[in-house]
*Asks:* 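What follows is a structure written as structure tokens; I'll ask about it next.
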Amino acid sequence: RLEYLILDGGSTDESAAIIRRYEPWLTYWASERDAGQSDAINRGFAKSTGDVLGWMNSDDYFAPAALKVATTALVAASADVGAVVGTGRKVDNNGSVFYSPLPPAVTRETLLNWCDGMNFMQPACLFTRAAWAAAGPLRLDLDYCMDLALWLRIAGDYRFVVVPDTLAFIHTHDDAKTIKGRHRMFGEIALLLATD
């Protein structure tokens with residue numbers, strides 16, 4: 001009952017060959033130029049049919065049982081719940097976990113304090129199809145905080161459920177987008193929050 005979709009931005013390395021090896025288990029995949037990360041994610045969701053959505057970037061992976069934990073929490077929740085958030089852990093090149101944020105609650109007010117420790121890891125958040133229909137798609141004009149913009153819009157209409165479980169891991173390294181462009185990321189977040 002899972003759909004796996006891979007959207008590759010036309011990589012010139014061996015990515016497409018690797019993806020082809022897994023094609024029998026994929027619902028959809030494409031390796032083609034896109035208008036950036038948000039565009040690729042939007043395209044993927046447009047091809048999906050599931051009731052619970054989430055995305056993984058190339059440096060991320062789910063914890064064991066993460067999808068079961070998240071979907072169970074969403075299925076058990078009332079109709080006003082649009083997303084579930086669990087612990088996401090940052091892992092360095094040595095496999096050491098060094099950062100695991102999880103706010104006690106996620107609301108529009110806590111999201112406005114994103115840079116003051118009230119944040120969570122994007123792949124540790126899954127959301128309902130209804131929440132995506134109301135709040136999506138991802139903004140193409142944002143390179144770093146398109147996820148935060150989505151969460152803010154979801155929080156306008158839905159509640160977030162926070163679970164104590166580890167849902168995802170993020171492999172971090174010097175070439176990771178949010179490490180390499182950290183100053184730009186914080187600038188974009190400040191502009192988003194100032195205008196939201």
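Just so you know, these numbers come straight off a predicted model, no measurement behind them.
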*Asks:* Give a yes-or-no answer on whether the side chains of His171 and Asp60 include a donor-acceptor pair shorter than 3.5 Å.
*Replies:* no
*Asks:* Going by distance alone, is a donor N or O of one side chain under 3.5 Å from an acceptor N or O of the other, for Ser96 and Asn94?
*Replies:* no
*Asks:* Got a donor-acceptor contact below 3.5 angstrom from the Glu3 side chain to the Leu53 backbone?
*Replies:*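 Between the backbone of Leu53 and the side chain of Glu3 there is no qualifying donor-acceptor contact (under 3.5 Å).
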*Asks:* Looking at Thr72 and Val69, would you say the former's side chain and the latter's main chain have a donor-acceptor pair under 3.5 Å?
*Replies:*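 Judged by distance alone, no pair lies under 3.5 Å.
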*Asks:* Classify the side-chain pair Asp8/Ser11 by whether it contains a donor and acceptor separated by less than 3.5 Å.
*Replies:*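 There is such a pair (donor and acceptor under 3.5 Å, judged by atom type) between the side chains of Asp8 and Ser11.
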*Asks:* Taking Trp114's backbone N and O only, do any of them form a donor-acceptor pair with Asn119's side chain (distance below 3.5 Å, no angle check)?
*Replies:* yes
*Asks:* Hydrogens and angles aside, do Ser48 and Arg129 bring a side-chain donor and acceptor to less than 3.5 Å of each other?
*Replies:*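 Yes, side-chain donor-acceptor contact under 3.5 Å.
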*Asks:* Give a yes or no answer on whether the side chain of Asn113 reaches the backbone of Asp116 with a donor-acceptor pair at less than 3.5 Å.
*Replies:*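 No, the answer is negative, given that no donor and acceptor are paired below the 3.5 Å cut-off.
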*Asks:* Less than 6.0 Å separating the ring centroids of Trp132 and Phe45?
*Replies:*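 Ring centres of Phe45 and Trp132 closer than 6.0 Å.
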*Asks:* Measuring centre to centre across the rings, with the benzene-like ring taken for any Trp, is Phe120 within less than 6.0 Å of Trp151?
*Replies:*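 Yes - the distance between ring centres of Phe120 and Trp151 falls below the 6.0 Å cut-off.
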*Asks:* Does Leu193 share a hydrophobic cluster with Tyr144, counting links as ILVMFWY side-chain heavy atoms below 4.5 Å and allowing steps through other members?
*Replies:*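 Yes: a chain of side-chain contacts under 4.5 Å links Leu193 to Tyr144.
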*Asks:* Does a side-chain heavy-atom distance below 4.5 Å link Ile179 with Thr172?
*Replies:*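 Side-chain contact under 4.5 Å: yes.
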*Asks:* Please check if Leu26 and Tyr28 belong to a single hydrophobic cluster, counting links between Ile, Leu, Val, Met, Phe, Trp and Tyr side chain heavy atoms closer than 4.5 Å.
*Replies:* no
